[in-house]
Amino acid sequence: MEAPGDVTTRQVFAEDAAPGLEIPELVKRCTPRQLVMWAAASGDFYEIHYDPDSARSAGLPGLVVHGALKHAFLGQLLHDWVAPGGRIVTFGCSYRGLDVPGEDLRCRGVVRRAYEQDGEHRVELEVWIEDPRGVVTTPGTAVVALPSRAGGG
Amino acid sequence: MTTGNLGADAKSPLVTEELRELIGHDWPPVVLEVDRPGIRMWARAVGIADAIFYDEDVARSRGFERLPAPPGFVGWPRARPGDPEPGPPIRGLHPALTRSVNGGTEFESVSPILAGDELLATTRIVDLKEREGTLGRMLIVSRETTYRRGHETVATMRQTVINY
């Protein structure tokens, strides 16, 4: 069995990435501790992410997950899919709904288009995060470059 | 629920002439340092387990001279306590709107960012819009930051910040 985070034992190739292909899902469940770790790692110390009183006085139900952390989760989803030989070209998302600690956030992606650009085999994906009720809180898009079985980027 | 914070100004547009003049204007560039502990701390906070972000031998074996930055990481400013945040303020552009939520992020990578890099980050506001939503009257701020290593642009970040 593949060890967690061991991305070197397999490679997805451009030829595998047909439109409609769903990439392996990543499930994240944030704790307040992780939000504090993210505050320190990213430099975003806005109190609504670790001080429940501040969150409530800002009109929120309680602590909320940083938008940028959800963006980074989508970065992880894509990195784990394209590594070791591919690269992320762009990845972006909108924060349509709030997510809270203690819930499973499903990070998912589907291939929409494959094309060649700048000498690379590129794949455009729809990516998103959905909450346990199936609500897409964080819709986004991404472009990655994958190696080809025939060789070359 | 939050329109009250605008008080007597409730009718006047949020995107004032003064604010509109900020669009397209570059804020002073900021130096960002990309270091190994910062890379590892970011990867740990996200929960990325790939050894490439922790172990230089693994990074070298996969074609990187030094630890690569995880997706979206661009390093740290040399800020001292009390220094203003670099770039346009995240909240408070309009004095009545002191709170903010993040609206969206898009990161474009041109060239890998590596430990030891010093990046020059330049941010500008590319658009300002007023909208009415569940948070009341909102100022939608679209920002763009360009990251350069020497003369080479290595990445661009586009962000939407909602002030309310």
Side-chain angles (χ1 to χ4, degrees), chain A residues 3-8 26 28-30 33-46 48 54 57-60 64-80 82-85 87-96 98 138-145, chain B residues 1-2 5 32 37-54 58-59 61-64 68-77 79 85-86 90-91 98-112 134-136 155-162 164:
Chain A
D6 182 2
V7 297
T8 59
L26 174 72
K28 303 299 263 190
R29 180 187 284 236
C30 295
R33 175 188 293 247
Q34 184 171 21
L35 301 190
V36 171
M37 286 173 71
W38 175 258
S42 69
D44 179 352
F45 292 102
Y46 194 21
I48 61 170
S54 293
S57 68
L60 300 165
V64 294
V65 178
H66 299 75
L69 177 56
K70 297 195 284 181
H71 182 250
F73 288 159
L74 293 173
Q76 179 184 1
L77 170 80
L78 293 160
H79 173 82
D80 288 352
V82 305
R87 74 176 192 99
I88 299 172
V89 182
T90 66
F91 68 113
C93 57
S94 301
Y95 311 115
R96 295 275 173 76
L98 297 173
T138 316
T141 55
V143 175
V144 300
Chain B
M1 70 190 169
T2 56
N5 58 3
L32 302 177
I39 285 174
R40 296 186 184 110
M41 195 162 137
W42 174 286
R44 269 197 300 270
V46 180
I48 310 178
D50 188 351
I52 198 170
F53 301 118
Y54 302 90
V58 171
S61 75
R62 285 163 58 184
F64 295 95
F73 182 61
V74 290
W76 281 96
E85 41 190 324
I90 295 289
R91 58 194 73 94
T98 57
R99 296 175 290 191
S100 71
V101 288
N102 199 337
T105 311
E106 186 185 40
F107 185 77
E108 179 177 356
S109 166
V110 181
S111 165
T134 49
L135 295 169
T156 305
M157 180 104 71
R158 282 173 281 272
Q159 291 168 291
T160 309
V161 181
I162 299 164
Y164 66 103

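Here is the naming used below: chain letters follow the sequence lines, and residue numbers restart at 1 for every chain. The basis for the numbers below is simple: all heavy atoms, side chains too, and nothing from hydrogens, waters or symmetry mates. Model, not experiment: these values are computed from the prediction.
- Between chain B and the residues A/Ala72, A/Cys93, A/Gly67, the largest count of heavy-atom pairs under 4.5 Å involves A/Cys93.
- Of the two parts of B/Thr105, the backbone and the side chain both hold a non-hydrogen atom closer than 4.5 Å to a non-hydrogen atom of chain A.
- Using a 4.5 Å cut-off between heavy atoms, B/Phe64 does not touch chain A at all.
- If you measure heavy-atom distances from A/Lys70 to chain B, you find no contacts under 4.5 Å at all.
- Among residues two or more places apart in sequence or in another chain, the side-chain contact (heavy atoms from CB on, under 4.5 Å) test is passed with B/Arg158 by B/Glu106, B/Glu108, B/Glu144, B/Thr156.
- Of the atoms belonging to B/Ile52, it is side-chain heavy atoms, and not backbone ones, that fall under 4.5 Å from chain A.
- Of the two parts of A/Ala40, the backbone and the side chain both hold a non-hydrogen atom closer than 4.5 Å to a non-hydrogen atom of chain B.
- With values rounded to the nearest 0.5 angstrom, B/Gln159 atom CD is found 9.0 Å from A/His71 atom NE2.
- Contacts of A/Leu69 with chain B are made by side-chain atoms alone, with heavy-atom separations under 4.5 Å and no backbone atom involved.
- Contacts with chain A were tallied for B/Pro70, B/Ser109, B/Gly63; B/Ser109 has the most, counting heavy-atom pairs under 4.5 Å.
- Pairing each heavy atom of B/Asn102 with each of A/Ala68, the nearest pair is ND2-N, 3.8 Å.
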Show me the side-chain donor-acceptor pairs of residues 37-49 of chain B shorter than 3.5 Å, one per line, residues at least two apart or across chains.
from, atom 1, to, atom 2, distance (Å)
B/Arg40, NE, B/Tyr54, O, 3.0
B/Arg40, NH2, B/Tyr54, O, 3.2

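- Your options are B/Ser100, B/Pro77, B/Ala79, and the one with the most heavy-atom pairs under 4.5 Å with chain A is B/Ser100.
- Residue A/Arg87 touches chain B through its side chain alone, counting heavy-atom pairs closer than 4.5 Å.
- Heavy atoms of A/Ser54 lying under 4.5 Å from chain B are absent altogether.
- Proximity to chain A (any heavy atom under 4.5 Å) is restricted, for B/Val110, to the backbone atoms N, CA, C and O.
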